[in-house]
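To keep things clear, I will list the structure first and then write my remarks on it.
Chain identifiers are assigned alphabetically (A, B, ...) following the order of the sequence lines, protein sequences preceding nucleic acid strands; residue numbering begins at 1 within each chain.
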Number of protein chains: 2
Amino acid sequence: MGSVPEPTIYDVATRAGVAASTVSRAFGVPGRVSERTRQKVVAAAEELGYVPNPHARALQSGKHATIALMLADITNPYFFELIRGAEQRARVAGNTLVIVNAEESRRIEFEQIQGLTGAVDGFILAASRLSDDELRALAGKHRLVLLDRELPPIPSVVRDMRGGCRQILEHLSSLGHREVAYCSGPPTSWMSAERWAALSGGAEEHGLTLRRVGPYAPTVANGAVAADGALRAGVTAVVAHNDLLAIGIVRRLRDRGVAVPEDVSVVGFDDIFAAELLEPPLTTLGAPGAQAGRLAVELLLDPPGRHHPAQLRLPSDLVIRRSSGPGSGG
Amino acid sequence: MGSVPEPTIYDVATRAGVAASTVSRAFGVPGRVSERTRQKVVAAAEELGYVPNPHARALQSGKHATIALMLADITNPYFFELIRGAEQRARVAGNTLVIVNAEESRRIEFEQIQGLTGAVDGFILAASRLSDDELRALAGKHRLVLLDRELPPIPSVVRDMRGGCRQILEHLSSLGHREVAYCSGPPTSWMSAERWAALSGGAEEHGLTLRRVGPYAPTVANGAVAADGALRAGVTAVVAHNDLLAIGIVRRLRDRGVAVPEDVSVVGFDDIFAAELLEPPLTTLGAPGAQAGRLAVELLLDPPGRHHPAQLRLPSDLVIRRSSGPGSGG
DNA sequence: GCAACTTTGGCAACCGATTGCCGAGGTTGT
DNA sequence: ACAACCTCGGCAATCGGTTGCCAAAGTTGC
């Protein structure tokens with residue numbers, strides 16, 4: 001299996017009756033060789049089934065046409081759309097996308113980056129768990145784009161939480177809620193801090209008292225603990241760090257005989273595929289995942305400045321479903 | 001950003017006071033250099049922050065330490081577990097996993113493989129949409145492992161449908177169902193054909209009449225059409241090609257006022273994350289996704305023969321939830 | 001008709017590793 | 001004490017492209 005030697009640029013050159021450098025230029029430098037010669041070369045390559053060796057190309061030119069997308073946790077469905085968007089954009093640009101998983105671990109994230117050094121043109125770090133200093137150091141050595149994390153001057157794409165969280169607060173407030181708990185995500189999650197900041201910053205204005213519980217690892221399983229924590233805080237509404245946690249919370253509340261939304265309302269973040277399927281369907285802050293992925297790739301390929309600002313913020317909108325309803329105070 | 005030249009093997013050699021070849025061997029050929037020299041080299045590399053250039057290595061040695069995992073459709077949550085398993089196994093073996101998406105398209109799948117030729121050690125094709133002939137041709141040029149597709153002598157890992165489908169038939173039969181519809185997946189899906197074969201092959205034995213409807217693209221949205229098709233067939237139970245389709249079917253039935261499972265039972269395949277969240281929770285044939293991914297990687301790294309048989313079959317088991325219940329005939 | 005310039009292809013160095021081969025120095029056997 | 005062998009480091013070729021530089025051929029201007 002797999003031992004027929006691949007044709008090289010030299011084979012093509014011989015066949016077309018030109019030098020190897022001419023073949024290289026025929027493909028890589030438009031206008032550098034005459035149209036007639038180019039035709040010959042293309043024909044020869046075609047006949048031989050020539051495919052350029054990416055390693056040889058990368059070794060000399062330093063260009064790899066490869067982008068790494070690092071995900072904090074690949075099992076979070078939110079990343080699906082993000083992957084799709086990034087992958088499509090990368091493909092039309094002729095780049096391949098390498099998807100790597102950090103499994104919510106700083107160490108693994110770091111090692112993965114180490115391992116891909118010299119193999120990719122740059123990294124898109126989605127919900128990175130690295131520290132600010134580590135990121136800054138990395139940005140000095142690699143092309144970097146942050147997703148759902150902001151650390152100027154490193155280019156980034158974030159879903160803007162201000163407007164979205166305001167919508168959540170308005171929603172809960174108008175339903176008559178007064179006491180709200182925020183079940184926070186991992187301490188290393190910039191997004192969780194951002195959400196808390198946006199929520200707590202606007203709470204007073206909307207007549208809400210906000211309590212922070214947690215942190216919790218953002219999984220369905222951990223929703224049970226989070227639900228218990230929120231109940232103990234004696235609130236009528238719970239905002240969870242993300243939909244996975246929110247789903248776990250809804251299930252735990254149900255298991256404990258707490259009616260959703262009659263007794264307690266639950267709101268999540270991300271609007272993952274399963275949010276709509278839950279019973280009751282989950283109210284959640286939607287996120288333009290595919291667009292974010294697409295933009296991150298563009299930011300990486302096209303250095304910010306001329307075409308794009310370095311820090312992109314995407315609006316997010318609340319999707320109201322049945323997990324939130326009138327509070328006991330309203 | 002990113003322009004400090006990476007130290008090379010020559011820098012390390014100079015610093016350690018040895019030749020470049022010695023450095024190379026110190027890392028790559030155990031026992032080839034003395035322990036004392038190795039220590040010196042390692043120390044020098046450490047101080048310089050040396051990271052080997054993967055392209056240079058691959059160019060000469062032909063080894064890339066990279067595996068491509070091709071998915072028919074990355075948005076299918078079933079692939080989550082598979083990716084996790086494959087990714088972990090690849091990582092412990094020091095390989096990076098490139099995840100590529102075929103978007104259910106034969107052409108895209110083919111082009112992606114073309115584009116990665118020479119950049120990876122081999123391909124794992126999950127639910128490939130390529131034809132038998134195309135796969136055979138590919139197997140002649142690349143290391144290949146098929147996932148959820150069987151085509152001897154190409155190594156493969158499949159979730160065995162015989163036992164699982166028997167469990168479905170037993171389950172439905174014992175609940176008193178007699179007329180069952182199978183909503184089939186894409187015509188290019190080997191898995192769909194396999195499932196149909198296993199179900200229809202065992203139907204008579206269990207006193208069931210099986211009707212095939214479809215094909216349908218396996219998405220939640222298409223569940224609506226599939227549900228209507230099944231209803232027209234006048235059955236009391238529906239087995240869907242996968243959970244996405246099954247979820248769509250359940251929702252459509254509910255929208256049409258058909259009670260699940262009182263009027264019609266629904267069974268899916270894959271036991272994706274959302275199956276359990278659906279109301280009613282979905283009865284579905286579970287699949288050891290992570291294990292399948294792990295084994296596929298092992299099969300690719302370790303040529304079959306000595307350690308593994310070439311064709312692996314993993315057992316699958318029915319997870320009975322509330323979307324299936326007594327049929328009107330029982 | 002000749003100088004100046006442009007177009008186009010080739011030569012050869014180079015990217016950063018790996019690896020076959022060689023030989024210096026040390027070890028073992030008798 | 002000498003041959004045979006082993007250990008271990010270095011030299012240099014090699015993988016398959018890219019690219020700076022050069023020169024032959026063709027164009028243009030006056």
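- A:S21 comes within contact range of at least one nucleobase, with a heavy-atom separation under 4.0 Å.
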Verdict with reasoning, A:F27 to A:V41, per side-chain contact (heavy atoms from CB on, under 4.5 Å): CA-CA 9 Å; A:F27 286 115; A:V41 170; 4.1 Å; yes
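- Proximity of A:T22 to the phosphate of C:dG10: a side-chain N or O atom is located under 4.0 Å from OP1 or OP2.
- Counting only distance, with no hydrogens or angles, the side chain of B:T117 and the backbone of B:Q114 share a donor-acceptor pair below 3.5 Å.
- Residue A:S24 is in base contact, counting any heavy-atom pair closer than 4.0 Å across all strands shown.
- Using a 4.0 Å cut-off between charged nitrogen and carboxylate oxygen, B:R38 and B:E35 count as a salt-bridge pair.
- In the set D:dC11, C:dG9, D:dG16, D:dG16 carries the atom at the smallest distance from any side-chain atom of A:L59.
- Between A:N53 and B:T37, the residue whose closest nucleotide on DNA chain D is further toward the 5' end is B:T37.
- Between the side chains of A:S131 and A:D133, no donor-acceptor pair is found at a separation under 3.5 Å.
- In this model, a side-chain donor or acceptor of B:R25 finds a partner on the base of C:dG20 within 3.5 Å.
- What separates CZ of B:R57 from P of D:dT14 is a distance of 22 Å, to the nearest Å.
- Among the heavy atoms of the strands, none lies under 4.0 Å from B:F27.
- Going from atom CZ of B:R32 over to atom P of D:dC6 covers 14 Å, rounded to whole Å.
- When distances run from any side-chain atom of B:A56 to the nucleotides C:dG16, D:dG17, D:dG10, the shortest one goes to C:dG16.
- Applying the 4.0 Å criterion to OP1 and OP2 of C:dA17, one finds that B:Y50 has a side-chain N or O inside that range.
- From one end of the helix from C:dG1-D:dC30 to C:dT30-D:dA1 to the other, with five pairs defining each end axis, the axis direction shifts by 30° (rounded to 10°).
- Ion pairing between a basic and an acidic side chain is recognised when a charged N comes within 4.0 Å of a carboxylate O; A:R149 and A:D132 show such pairing.
- Counted by atom type alone, A:Q112 and A:E103 present zero donor-acceptor pairs between their side chains at under 3.5 Å.
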